[in-house]
*Asks:* 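One structure, as structure tokens, below. Some questions next.
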Amino acid sequence: MGKLYFIGAGPGDPELITVKGQRLIAEADVIIYAGSLVNPEILKYGRKDAEIYNSATMNLDEVLKVEIDALKAGKMVARVHTGDPAIYGAIQEQMDGLRAAGIKEDQFCVVPGVSSFLATAAALKQEYTLPSISQTVIITRMEGRTPVPPKEKLALLAAHQATMCIFLSVQAIDQVMATLKEGGYPGDTPVAIVARATWPDQRIFRGTIDTIADILHQAGVVRQAMIVVGKVLDTDYELSKLYDSKFTTMFRKGTDGE
Ligand code: SAH
């Protein structure tokens, strides 16, 4: 029986794939990778005789055909996506396409990966959830050719002033910042942008809602970047309860005496 694994390859650094993802790529008969973002270095984990496809030049039907034909021929397929496939990975339509073609549930599964929004936090040496500042992370994008539902417009999300990680939007930086301000973020709210987190040419830009667009324009063309917005980026915050000496947890007795 053929089996297909949707694998999160991580944000760029080939060592940031999971041990399981690497092993499955090493075993696969067929490797289909999203060549626009996945680091081709991960192909080195594969067998020399593996069939390789770059999905950047294929449409959904073509990808599904390769996947279904391979499964029917009893082959093992590694379908490699950037970051984690659950975030803007377009895997739902592939899984539904497999089901529609009669592929059984136990013939495909998903192996998670390190999403770029987490690699971005690591690059910034930043926690997104600071006590009393923000305990919520909003993952979103600016509307592009892919529409965003009306209730999720950036301006509405901005009203929460939670930490925001904005994907797929750096090309519209002026519009993104104007919309966030319109939605309620003060102009002096800190913003960080990480381009190509974990790649050798990673770059970090810091500013505020009012200044970051100019900073970015001066840098020239910036692509494959994550926009992070929120007060967590520079603020005084309360120390976490988890390590508070007064606080008892399941694993440690504190001076609160419980
Ligand atoms: N599934 C992927 C996201 C795919 S959408 C994930 O979990 O990361 C592509 C967008 O992800 C890019 O436009 C950019 O906003 C972000 N991205 C991908 N790789 C990145 C990286 N190395 N550094 C910063 N942002 C990245």
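Atoms considered below: every heavy atom in the structure, side chains included; atoms not considered: hydrogens, waters and symmetry mates. Order of listing sets the numbers, starting from 1, for every ligand and every atom in it.
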*Asks:* So S55 and R79, do their side chains get closer than 4.5 Å, heavy atoms only?
*Replies:*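 Side chain of R79 against side chain of S55, heavy atoms only: contact under 4.5 Å found.
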
*Asks:* Is it true that R99 and E105 make a salt bridge, defined as a side-chain N closer than 4.0 Å to a carboxylate O?
*Replies:*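 Salt bridge between R99 and E105, a charged N being under 4.0 Å from a carboxylate O: yes.
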
*Asks:* Under 3.5 Å, is there a donor-acceptor pair between the side chain of Q107 and the main chain of G2?
*Replies:*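 It does hold such a pair.
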
*Asks:* Go through the structure and list residues passing side chain to side chain contact (heavy atoms under 4.5 Å, CB included) with P186, not counting sequence neighbours.
*Replies:*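 In terms of side chain to side chain contact (heavy atoms under 4.5 Å, CB included), with neighbours along the sequence ignored, P186 is linked to Q161, D188, T189.
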
*Asks:* Is it the case that atom NZ in K231 sees more than 12 heavy atoms from other parts of the structure closer than 6.0 Å?
*Replies:*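 Incorrect, the count does not exceed 12.
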
*Asks:* Write down, by chain and number, every protein residue that brings a non-hydrogen atom to less than 4.0 Å from an atom of ligand 1.
*Replies:*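 Answer by chain and number: P11, L37, T82, G83, D84, I87, Y88, S115, S116, F167, L168, V194, R196, A197, W199, Q224, A225, M226.
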
*Asks:* Quick one: sort the F117 and Y128 rings into parallel, tilted or perpendicular, breaks at 30° and 60°.
*Replies:*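 It falls in the parallel class, under 30°.
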
